[in-house]
Amino acid sequence: MSEKRTGVFVCHCGNNIAATVDVKKVAETMAQEGTVAFSKDYVYMCSDPGQSSVIEAIKEHRLDSVVVSCCSPNLHEGTFRENAERAGISGFTCEIANIREQCAWVHKDRTEATEKAIKISRSAIRRVAGNKKLDPIAVPVTRRAMVIGGGIAGIQAALDMANAGLDVVLVEKLATIGGHILQLSETFPTLDCSQCILSPKMVEVSRHPKIKLLTYSEVKEVSGSVGNFEVKILKKPTFVDAETCKLCDDCAQVCPQVVSNEHDLGLTARRAIHIPFAQAIPASYTLDEEACLGLNPIRCGKCKDVCEAGAINYDMRPETITENVGAIVVATGFDLYPQEKILEYGAGNVADVLDGLQFERLCSASGPTQGHVKRPSDRTEPKEVVFIQCVGSRDPAQHCAYCSKICCMYTAKHARLYKHHVPDGKAYVFYIDIRSGGKNYEEFVQRAMEEDETVYLRGRVSKLHRTKDGKVRVMGVDTLTGQNVEIDADMVVLALAMQPSQGTADAARTLKIGRDKDGFLAEAHPKLKPVESVTGGIYLAGCAQGPKDIPETVSQASAAASKVLALLSKPTLSHAPTIATVRNSHCTGCEMCVTACPYDAIHLENGKAVVNEVLCEGCGSCSATCLRAAISVRNTSPMQVHEMIEACLSL
Amino acid sequence: MINVQDIRDTARDLLAKGEVRAVIGWRAGSRGMAAEPCVVTKPEEADSLVWDPTCYHNLALQLVNDRKDLVHSKKTATAPIGIVAKGCDARAIVVLLQEHYFKREDVYIIGVSCENSGVLDERKVKAQVGGFAPSAAAFDGDNFSVKTAKGDKKLAGREVMADRCLECRTPFPKENNTAFGDDKTGREFDAQFAALARFEANDEAARWEFWQRQFDRCIRCFACRSVCPMCFCDECVVDSIEMKIAPETTAEEKANRIRWIERSAVRSENATYHMTRALHLAGRCVDCGECERVCPVNIPLRLLNTKMEREAREAFGFDPGASIGGPSLVASFRDDDPGEFIR
Amino acid sequence: MSHSHAHANTYLPKLAKIVHIKEEIGGERAIKTYRLEFENGDGFDHEVGQCAMLSIFGRGESMISIASSPLTKEYKQFSIMRVGRVTKAFHELQVGDVVGIRGPYGNQFPLSAWKGKNLVVIGGGVGLAPVWPIVTTAVAKRADYKDITVFYGARSSKDIMYREDLERIRGQATVHLSVDRAEEGWKEFVGFVPANVLAKKPDPKNTVAIVCGPPIMIKFVIQNLQQLGFTDEQIYTTIENKMKCGVGKCGRCNVGKDYVCVNGPVYSWAQLKDLPQEY
Amino acid sequence: MSMEKTLDKALLSDWIAAVTSGGWQVHGPALEDGIWTFKPVAASVDLDYPNVKQAPKDFAFPQREIFFAFEHIKGEAPRLKEVKPEAPQCAVFGVRPCDGRGAVRMDKVFSDNVNDPYYQERRKNTAYVGLACNAPPSPTCFCKSVGGSPVSSEGMDILLTDLGEIYIAQAATKTGEALMAAADKLFGKMGAADKKQLDKVHADAVAAPQRAVKDAKGAPAALKAGFDSAVWEEMAKPCIGCGICTFLCPTCHCFDINDEMTGMSPLKGQRVRTWDNCQFPDFTMHTSGHNPRETLGTRLRQRVSHKFRYFHENFGMLQCTGCGRCVSECPVGIDIVAVVNKVAEHVA
Amino acid sequence: MSEQTYEPKIVAFLCKWCSSAGSDLAGVSRIQYPANATPIQVPCSGSVSPMYILSALKKGADGVLVSGCHIGDCHYLEGNYLARRKLHLVKELLQFVGIEENRFRMSWVSAAEGAKFAEVVKEFVDDLRPMGPQEKLKAKRA
Ligand SMILES: Cc1cc2nc3c(=O)[nH]c(=O)nc-3n(C[C@H](O)[C@H](O)[C@H](O)COP(=O)(O)OP(=O)(O)OC[C@H]3O[C@@H](n4cnc5c(N)ncnc54)[C@H](O)[C@@H]3O)c2cc1C
Ligand SMILES: Cc1cc2nc3c(=O)[nH]c(=O)nc-3n(C[C@H](O)[C@H](O)[C@H](O)COP(=O)(O)OP(=O)(O)OC[C@H]3O[C@@H](n4cnc5c(N)ncnc54)[C@H](O)[C@@H]3O)c2cc1C
Ligand code: SF4
Ligand code: SF4
Ligand code: SF4
Ligand code: SF4
Ligand code: SF4
Ligand code: SF4
């Protein structure tokens with residue numbers, strides 16, 4: 001409140017700063033500033049004696065604020081702010097003037113560098129003159145978590161958290177949890193059956209007292225912020241009471257409506273009322289409203305007539321469920337890059353050209369062919385199969401720029417599975433190069449080549465088409481020999497790129513979390529915060545964040561779970577107090593700030609803007625938008641900037 | 001052609017039925033040919049309303065004043081307020097509604113179309129008659145006959161119509177509760193932004209030479225700001241002291257009032273003022289031309305504002321005053337906003 | 001009323017050093033009392049009721065009543081409430097700092113015409129400062145006046161300015177203090193100043209009453225004085241208008257034909273009634 | 001008038017040249033960017049013009065005046081440096097009678113009580129060469145009704161009257177005489193015929209019909225009586241609270257004083273005076289936010305009452321000189337003549 | 001100021017997350033660039049009010065730089081989109097009134113682009129030098 005008494009501490013950083021900047025002169029010049037009560041230079045401000053000397057000066061000269069002219073605030077802002085707190089003044093009244101990275105290290109001329117250091121320091125003094133003592137904002141947290149997406153990632157995260165004692169809500173868009181793994185036959189690198197690894201986990205989820213499972217549900221709205229989200233979920237009606245359903249299949253038997261079965265990627269059909277697959281969790285039939293002849297008014301009603309258990313209820317309506325949670329894990333997974341987009345390989349119109357997941361279904365014991373590899377066109381056993389890698393991947397010009405990471409592995413797996421099913425068949429793999437980093441992965445690929453005699457051809461397939469005799473002619477080039485290669489295959493399997501699922505895009509929009517250039521969810525930091533989203537309290541797991549295989553997915557899911565557990569381990573969270581504040585007298589309620597705020601942190605109450613302290617990240621977009629100077633970020637007020645501009649232009 | 005009696009009848013009717021508490025309109029002025037804004041509160045006063053080519057004031061400003069009065073006197077309105085509005089007035093009202101300055105149901109808009117005409121530019125008239133103020137004017141649909149100290153003169157409408165009217169694309173007030181006159185949107189005058197394009201043909205040095213002369217002349221009477229319906233801020237960036245003082249306003253806040261612009265009417269301050277104002281009006285200015293009209297020293301403020309308007313339109317597909325919903329220009333963005341200037 | 005500044009530049013402040021600061025009242029609207037000594041022997045004399053424009057260079061000027069008696073020549077005293085840009089800056093100054101001062105401005109209390117009369121000085125809040133020189137001057141020339149009575153009220157005992165001075169003059173003057181709300185240990189009047197005046201019933205006979213304080217207080221004190229029989233000519237007050245020049249030109253303090261900085265700020269109620277109520 | 005002479009119109013430029021060589025900077029009306037302003041004159045000037053847009057009060061009272069510069073180095077006493085106005089001698093040609101009378105009123109303000117050194121310095125270096133209004137008045141002129149005349153020489157050093165081929169130059173002050181004497185040989189003697197024509201032209205000019213404040217003499221009393229009238233707010237309704245009426249007025253003199261910074265390390269700046277006016281909402285606002293003249297009505301009342309009442313009470317003359325600027329330039333048509341008449345009507 | 005001694009003064013608004021970090025990287029990498037630009041760290045380019053730019057020019061800046069995260073990389077998700085739109089208008093307006101268009105520069109510099117930061121400053125100084133001091137908007141107080 002009273003006059004500022006700022007202390008300025010100019011660091012030599014050994015010779016790092018002092019070699020180019022006349023630190024003595026900086027300290028002396030700063031002493032002339034109106035608000036400066038004390039100024040000195042010292043060889044290493046961040047050293048113990050350096051820090052103690054700041055504390056001493058604060059006490060001796062009754063300083064209320066501190067400027068340390070030293071290295072980047074990224075390095076020691078925290079150090080000096082804590083130090084200031086130790087001396088009994090608010091950490092927020094300590095500012096760093098970066099005269100090393102932004103000055104001493106990038107300039108040679110001593111005079112120029114010194115002048116610039118003076119301006120930078122003076123600017124910091126002006127900034128600190130306007131700084132308020134602030135206390136971090138404490139926010140009570142809701143100690144529950146939500147997981148969106150019930151693939152392996154979501155299941156793992158939910159189980160980890162629930163097992164640690166946290167209440168978890170698991171939201172899955174489809175009628176069953178499980179995700180893509182359930183479509184796989186066997187999995188690399190061990191070739192164990194995917195159902196065998198996943199089913200126990202699915203059952204555990206369904207039985208877990210701490211997990212509330214919401215299938216056939218989608219998140220529609222999220223408000224609040226880290227620690228306290230309010231999530232509105234739309235649960236679609238299944239028209240079948242899961243508790244009562246006996247899984248007798250009577251209903252499906254009478255249902256006249258046949259549609260393609262998405263679980264088998266269109267290789268089989270199902271009825272309007274159906275169960276996605278036998279082990280679905282929740283274990284119940286689902287009436288697909290879109291496929292049904294009509295419920296309102298009821299057009300057919302056959303299923304209900306036959307259901308002895310009386311599980312079918314046409315009056316079920318969509319339900320909006322509101323859940324309060326403290327953190328959210330997004331595990332919305334991937335889709336395959338659409339085959340339609342691969343024009344050079346027939347855009348999905350050439351018979352017996354399959355995508356990887358379809359091939360998985362063909363190999364799967366529970367698949368359309370009960371595990372016998374047969375061509376969809378004529379149900380014959382293919383004797384020559386061509387596997388093409390990197391379809392849609394690593395092609396910045398036309399498709400995805402990124403490497404889909406797992407295709408080398410699953411193609412090797414496919415080749416091997418094929419050979420195990422059709423020992424006299426011939427498998428060719430077109431590849432660009434083989435990426436088999438991972439425990440036992442390289443060995444797995446070697447086995448495909450050696451044990452299972454897969455022919456690996458290095459090169460691109462330029463095109464393919466169907467021949468008159470029902471083969472698929474694959475034309476490519478072997479870049480190792482330089483020879484053109486033409487194979488008349490019985491079947492072609494494309495290792496299509498993984499792309500973020502449609503559900504991932506939807507979730508990103510609802511949750512307002514960033515996505516990267518490829519549409520995968522953006523992590524807060526590519527190296528140091530790989531499972532955090534940029535929004536506090538929202539975490540990422542699985543293929544929604546980037547292509548990965550099961551072990552990696554599971555590790556990431558567990559990592560996300562542990563982040564949530566750490567976050568929610570305390571009853572309150574602390575939030576930076578450098579957030580926007582509104583001057584009611586000046587606000588006219590124009591809502592420009594409301595629209596501008598990237599975090600939806602502002603709303604209007606009685607015609608005045610009100611900032612949600614927790615949501616606001618202090619970006620200042622509102623303040624630059626408001627015409628009436630009615631909103632500004634604490635400790636970065638326009639007044640401070642105004643003075644800093646002046647300081648930058650002094651001399 | 002609009003029969004002014006229709007406007008009067010409507011106003012009288014609304015007032016008599018208590019559907020509005022007042023009607024903002026124009027009446028004959030006391031000082032020569034020009035009309036002046038007025039606020040009619042009694043049915044019997046409705047006959048004083050006029051509608052002619054000297055009704056150049058943007059009455060939306062009076063709505064702003066009315067709102068400020070209400071807030072200041074802590075009164076709540078008993079009924080909506082009526083307003084006679086031309087095309088540009090109505091566009092201004094739309095922006096005010098977009099910025100929640102009042103609610104749609106708080107105003108009753110009696111639209112009047114400018115049809116094939118527009119409003120007079122008194123300055124152009126004066127220039128045609130040697131700088132002497134005209135004392136009376138009559139309009140016969142094509143030509144104006146004006147009386148001046150130096151004699152009478154007949155002037156073609158095209159010659160003395162306000163620039164903004166020549167470039168106007170919306171002579172009909174689309175947002176209205178009731179409207180008179182025809183929607184002659186396709187009338188033929190100048191292309192929009194024609195004057196702007198002419199000016200932009202100048203090179204940088206000529207542009208600065210021009211603007212420096214304009215800025216130097218400004219006397220900072222703030223008529224441009226005060227007449228602008230979009231400059232409804234209670235406290236403007238150029239105000240050197242805190243204007244909105246509430247009991248909770250601290251000495252600190254008063255002391256920290258930033259002086260972005262000094263009171264001195266000198267080039268740097270004037271230029272900063274006008275550029276700031278132009279930026280503040282970007283996406284909000286509806287080109288009613290009032291600021292330019294009122295400027296006592298003829299600073300071509302429309303040029304600045306239409307420049308921003310054209311940017312808003314061309315770069316961002318934004319049309320101020322066209323619709324009440326939707327975000328403000330600078331509070332929103334599109335993924336494909338131009339960014340070539342960023343290097 | 002005219003000064004003889006014919007050739008001096010009235011807008012050019014003289015310099016004065018702060019020699020003493022006393023914190024009267026704390027809080028958001030704190031009051032501090034400053035003693036200023038002219039620098040370079042360049043100063044001016046003043047009369048009771050006059051004010052001076054104090055400058056902090058770079059911040060601006062504020063008109064402040066001279067709160068010391070004209071009899072005190074060594075320094076001039078000002079009590080300043082922290083309310084805005086200049087006054088806040090004042091509150092950040094320390095002893096030894098040099099500020100600008102120009103003046104004296106305004107008319108004066110006709111103290112010599114009041115010789116032989118009873119004086120009732122009524123102040124509220126920071127409004128004690130402008131009338132304080134009446135008290136100190138009259139006390140210094142005690143024999144010239146009959147009864148001297150001081151009414152002073154503040155929100156609470158913490159908000160009483162000039163506390164020691166008020167105690168010191170008790171021997172020579174009657175001092176009636178009041179606080180707005182009851183508090184522990186407070187033995188004097190509880191309630192607003194107008195009520196205290198009504199309770200103590202100063203006798204209008206051969207008396208002038210001088211009132212200064214918040215407008216609402218002035219209004220009710222005057223009503224009560226009138227009720228006690230004071231005529232409009234017996235009641236004096238001072239008014240505050242925004243001022244910039246101090247010499248009747250900038251137009252801000254213009255009320256009716258008067259420029260408060262020249263024709264005021266001291267008015268008898270009889271005079272003030274004639275002016276538009278624009279203060 | 002002590003010195004009355006004729007000047008052949010063709011010799012005007014020679015006279016200007018003579019005055020210039022006498023050390024005066026000559027200003028005359030010029031049409032620039034569509035507005036008439038006084039500009040330095042190089043050779044000749046056309047005096048056939050209505051009136052300047054802004055009253056020529058800025059010769060003595062510029063919109064911005066630096067009082068002094070200050071510098072405050074930490075730990076030292078502030079240093080002040082008075083800035084004396086750089087006031088070249090200016091002779092302004094073509095000043096209209098209303099504006100000459102305006103100068104008289106400004107002089108009163110800036111010398112009453114305390115001399116304003118800046119104004120005085122500039123004023124003593126300014127000479128007004130007036131120009132009688134013998135063309136028909138503008139529809140907004142009303143000088144006669146406020147005690148002036150289209151041929152008044154009040155406030156002028158010289159009054160010129162346009163007689164077609166020649167001007168009659170009538171000196172009204174010593175300065176005026178000196179200005180004429182500087183080019184004595186250019187001037188002719190005013191003959192009887194000239195005199196007769198002059199009188200006729202003057203009489204005609206005075207006779208030309210103008211708008212009028214109905215009872216200017218009664219205005220002070222009427223405004224006093226009508227102080228609390230409701231018409232003020234009613235008439236001020238469309239007012240936008242701008243500075244046009246006052247900034248253009250020849251007699252509005254209100255100003256603001258502010259410190260403008262030129263540097264903060266060390267603290268440096270200037271104290272400057274800038275025009276201000278009673279129509280701006282913050283003009284009288286106290287630090288507390290209390291505003292004695294908060295509404296447009298009270299501010300309109302202040303402006304009109306100042307011109308037609310308070311000034312009269314202080315100086316025995318109306319402050320308004322009837323130039324009509326505030327009337328013609330007000331963006332919303334607030335008309336001081338109509339206002340005074342209406343208030344008077346209201347109290348009657 | 002004579003031609004020889006003229007050194008353009010630049011006020012550089014750097015967003016905290018990318019450009020300021022980028023300039024730190026230039027420092028760590030010891031990439032030399034001219035000392036003309038004095039940085040002001042702001043949370044986000046979106047917080048840079050056009051007032052700041054005009055104010056800097058009025059206070060005598062010869063050039064103003066605003067630098068933020070690349071589009072899509074904004075730490076605050078959208079701040080730089082808002083900045084891009086607002087500052088486009090500023091750029092256009094400055095040009096329109098006849099201020100040399102290169103007096104105001106905007107760039108996207110990521111935390112990884114230390115070299116780019118140095119390059120931006122270098123280029124800016126090179127652009128500004130031939131223009132001479134910015135006198136058009138600079139307040140002249142005398
Ligand atoms: C052909 C092929 C073969 C493979 N073979 C192997 C292998 O052998 N070994 C191996 O380790 N890995 C293999 N993988 C990789 C493996 O499939 C993935 O690593 C794993 O499935 C990723 O799991 P997930 O939970 O991240 O995503 P998903 O399995 O895609 O699960 C996401 C879940 O989220 C749901 N969902 C999506 N959006 C929403 C929403 N908005 N709201 C609610 N729910 C939503 C989906 O319905 C789905 O249930 C293979 C991948 C392919 C394509
Ligand atoms: C006759 C009289 C006697 C008074 N006596 C006393 C007294 O004894 N004690 C007391 O406490 N008060 C007294 N006052 C009231 C006192 O004058 C005001 O409280 C004081 O002027 C408030 O000034 P401020 O700068 O703090 O307030 P503000 O309202 O913030 O500013 C006032 C002035 O400072 C300047 N200013 C404001 N903002 C800026 C800016 N951004 N840049 C540059 N300049 C700026 C302007 O010139 C402005 O007019 C008296 C007033 C009058 C008229
Ligand atoms: S932008 Fe400013 S005025 Fe508008 S609602 Fe937000 S804070 Fe209020
Ligand atoms: S500072 Fe940023 S996050 Fe905070 S309210 Fe303003 S725009 Fe929203
Ligand atoms: S109306 Fe004209 S003179 Fe007045 S402030 Fe605006 S631009 Fe300047
Ligand atoms: S210029 Fe800007 S701040 Fe000033 S009134 Fe207009 S919109 Fe508001
Ligand atoms: S009367 Fe007219 S010119 Fe004067 S302030 Fe009002 S609107 Fe402006
Ligand atoms: S008040 Fe109006 S008419 Fe009278 S002198 Fe001033 S500007 Fe002219």
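All chains are named by letter (A, B, ...) in the order of the sequence lines, taking the proteins before the strands, and each is independently numbered beginning at 1. What's counted below: heavy atoms across the whole structure, side chains too, no hydrogens, waters or symmetry copies.
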Participant: Are there over 12 heavy-atom neighbours, none belonging to Asp336(B), within less than 6.0 Å of that residue's CG?
Facilitator: yes

Participant: Tell me, yes or no, whether the heavy-atom count around Arg104(B) atom CZ, taken from other residues, nucleotides or ligands under 6.0 Å, exceeds 12.
Facilitator: yes

Participant: Closest heavy-atom contact between Met639(A) and Asn256(B)?
Facilitator: SD-O, 3.3 Å

Participant: Specify which of Ala251(B), Ser328(B), Ser332(B), Ala331(B) makes the most heavy-atom pairs with chain A at under 4.5 Å.
Facilitator: Ala331(B)

Participant: Would you check if Val330(B) and Met592(A) make a side-chain contact, meaning some heavy-atom pair closer than 4.5 Å?
Facilitator: yes

Participant: Please name the pair of heavy atoms, one in Pro327(B) and one in Thr595(A), separated by the smallest distance, quoted to 0.1 Å.
Facilitator: CB-CG2, 3.4 Å

Participant: Could you give the distance from CD1 (Ile258(B)) to OG (Ser637(A)), rounded to the nearest 0.5 Å?
Facilitator: 6.5 Å

Participant: Is any side-chain heavy atom of Thr249(B) closer than 4.5 Å to one of Arg583(A)?
Facilitator: yes

Participant: As a quick check of understanding, evaluate side chain to side chain contact (heavy atoms under 4.5 Å, CB included) for His280(B) and Arg628(A), giving each step before the final call.
Facilitator: CA-CA 10 Å; His280(B) 279 195; Arg628(A) 292 148 200 119; over 6 Å; no

Participant: When rounded to the nearest 0.5 angstrom, what distance separates NZ in Lys244(B) from SG in Cys587(A)?
Facilitator: 10.5 Å

Participant: Step through the shown structure and confirm whether more than 12 heavy atoms of other residues, nucleotides or ligands are within 6.0 Å of NE2 on His72(B).
Facilitator: no

Participant: Please give me the minimum heavy-atom distance between Arg259(B) and His642(A), naming the atom from each residue.
Facilitator: O-NE2, 3.6 Å

Participant: How long is the straight-line distance from CD of Glu99(B) back to CG of Leu627(A), given to the nearest 0.5 Å?
Facilitator: 7.0 Å

Participant: Calculate, to the nearest 0.5 Å, the distance between atoms CG and CD belonging to Asn584(A) and Glu248(B) respectively.
Facilitator: 7.0 Å

